[in-house]
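Values in this document were obtained by computation on a predicted structure and should not be read as measured data. Whatever order the structure lists ligands and atoms in, that order sets their numbers, starting from 1.
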Amino acid sequence: MPNIETLCVQAGYTPGNGEPRQIPIIQSTTFKYNTSEDMGKLFDLEASGYFYTRLQNPTNDMVAAKICAMEGGAAAMLTSSGQAANFFAVFNIATSGDHVVASSAIYGGTYNLFAVTMRKMGVEFTFLSPDCTPEELDAAFRPNTKAVFGETIANPALTVLDIEKFADAAHRHGVPLIIDNTFATPVNCRPIEWGADIVTHSTTKYMDGHGAAVGGCIVDSGKFNWMADPEKFPGLTTPDDSYHGIVYAEKFGLAGAFITKATAQLMRDFGSIQSPQNAFLLNLGLESLHVRMKRHCENAQAVAEFLASNENVSWVRYCGLPGDKYYSLAQKYLPNGSCGVVSFGVKGGRKAAEAVMKKLKLIAIETHVADARSCCLHPASATHRQMNDEELAAAGISPDLIRLSVGLESAEDLIADLAQALA
Ligand SMILES: *Cc1c(COP(=O)(O)O)cnc(C)c1O
């Protein structure tokens with residue numbers, strides 16, 4: 001297996017003799033066939049091929065194959081957004097009447113998707129601190145639990161998940177672990193190597209890396225055995241009436257069942273496909289991901305050290321700081337660096353935080369994180385404003401928290417900007 005740097009640049013597409021060096025953008029809704037039989041085979045999932053871009057597109061599949069190789073997975077698909085990726089990953093196995101165990105330190109949009117929208121669809125969630133004990137984890141499972149969910153590095157709480165602890169608990173109870181690996185990216189952590197079964201991404205963040213295209217991805221390790229307890233996962237182990245009685249786990253095996261079902265059922269019915277144009281832009285981002293992640297981490301480390309020494313800063317969270325609560329977990333799971341996001345509190349609380357943000361010149365106020373340009377956000381008044389103080393605390397967010405996404409500018413210039421604003 002080539003190293004991650006080589007996979008970033010070359011995986012997913014190998015041009016033949018005289019073919020384009022860059023992946024082609026197949027900007028076509030539909031695909032032409034010579035006979036109805038040819039097309040019928042595609043509809044029956046008897047042959048692989050393309051018929052309509054609402055379900056699948058060749059450009060998307062080349063880029064998904066690259067991310068699949070980077071994560072060490074067996075199969076992958078792109079989605080229109082990170083939200084769609086997490087929804088599909090969970091809904092592919094947990095439907096009305098089912099239950100999911102999730103870390104409470106997750107992205108605000110994902111929390112809302114789980115706690116509000118999927119709850120309306122009949123899926124119940126139990127949220128647990130990422131720092132919980134194995135016994136507390138065990139106690140959260142129910143007979144109808146279908147999956148466990150967490151984020152490698154939580155956005156914006158910046159907690160580091162003990163992936164092995166969550167994977168062991170999931171497997172003790174016969175269900176897969178789904179890990180949202182958006183902030184770490186496979187350059188810094190490959191959750192499948194630590195026991196995760198399914199990995200999701202908001203490719204909108206570091207993978208695209210330039211704030212250009214919203215997108216998502218799901219990677220299946222192909223390791224989870226749906227047939228070990230077939231009654232738990234009827235969607236994969238019993239005939240799909242909407243696909244001529246296909247049993248996904250039988251027909252496509254461990255490596256293909258999860259992604260084929262998510263494509264054939266969920267993408268067909270919800271149509272949350274990434275546009276091929278966005279997939280092309282995502283691929284450009286992936287080519288330099290390993291170079292950019294290194295620089296994001298170096299800059300963030302320098303900024304975090306500056307903030308930690310500033311008299312107007314009350315606390316800093318960055319798992320690369322030796323005093324950080326998650327330093328030792330980061331040393332284990334993220335030995336080459338974590339991400340470019342640092343959070344901190346300003347003396348004087350919520351008001352002072354807002355005042356500092358107004359004074360910043362290079363660092364813009366944006367909802368976004370994880371791209372080339374540095375930006376910051378006050379989650380309590382923006383992304384997490386749906387939450388009450390108790391829920392905020394459970395998600396690891398205090399009212400004075402500023403989330404700073406350190407970009408690829410000169411660290412010296414960023415520190416100077418922060419220094420003048422804090423002064
Ligand atoms: C942004 C984000 C999402 C949602 O992704 P979108 O592409 O904005 O839909 C999910 N998980 C994490 C960790 C994120 O940072």
* **Nearest protein heavy atom with distance in Å, relative to atom 6 (P) of ligand 1** => Gly82 N, 3.4 Å
* Structure fact -> The protein heavy atom nearest to atom 7 (O) of ligand 1 is Thr204 OG1, 2.6 Å
* To do: Report yes or no: does Glu71 contribute a side-chain atom to a donor-acceptor pair with the main-chain N or O of Ile218 at less than 3.5 Å?
  => no
* Can you list the atoms of ligand 1 that are under 4.0 Å from a heavy atom of Asn155? -> 14 (C), 15 (O)
* **Residues Lys332 and Glu164 bridged, charged N to O under 4.0 Å** => yes
* Atom CD in Gln420, atom CD1 in Ile415: separation rounded to 0.5 Å? -> 13.5 Å
* Structure fact -> In this structure, CZ of Arg292 is separated from SG of Cys297 (nearest 0.5 Å) by 11.5 Å
* **Heavy-atom pair with the smallest gap, counting every atom of Gly49 and Gln56** => O-OE1, 4.1 Å
* **His368, Gln83, Glu151, Lys205: member with heavy atom nearest to atom 2 (C) of ligand 1** => Lys205
* Polar proximity ligand 1 side, Tyr107 side, N/O cut 3.5 Å exclusive -> no
* Find all atoms of ligand 1 within a distance of less than 4.0 Å from any non-hydrogen atom belonging to Thr182, and give their numbers and elements. => 12 (C), 13 (C), 15 (O)
* Asked: With a 4.0 Å cut-off, would you call Glu298 and Lys294 a salt bridge?
  -> yes
* **Distance filter under 4.0 Å to Phe183 heavy atoms, resulting ligand 1 atoms** => 15 (O)
* Structure fact -> Near Asp180 (heavy-atom distance under 4.0 Å), the atoms of ligand 1 are 10 (C), 11 (N), 12 (C), 13 (C)
* Asked: Is there at least one pair of N or O atoms, one from Val369 and one from ligand 1, spaced under 3.5 Å apart?
  -> no
* What atoms of ligand 1 come within less than 4.0 Å of a heavy atom belonging to Gly215? -> 7 (O)
* Within less than 4.0 angstrom of ligand 1, does Ala84 place any heavy atom? -> no
* Asked: Taking the inter-plane angle between the rings of Phe149 and Phe114 on a 0 to 90° scale, is it parallel (under 30°), tilted (30 to 60°) or perpendicular (over 60°)?
  -> perpendicular
* State whether the side chain of Lys165 and the backbone N or O of Thr133 hold a donor-acceptor pair below 3.5 Å, judged by distance alone. => no
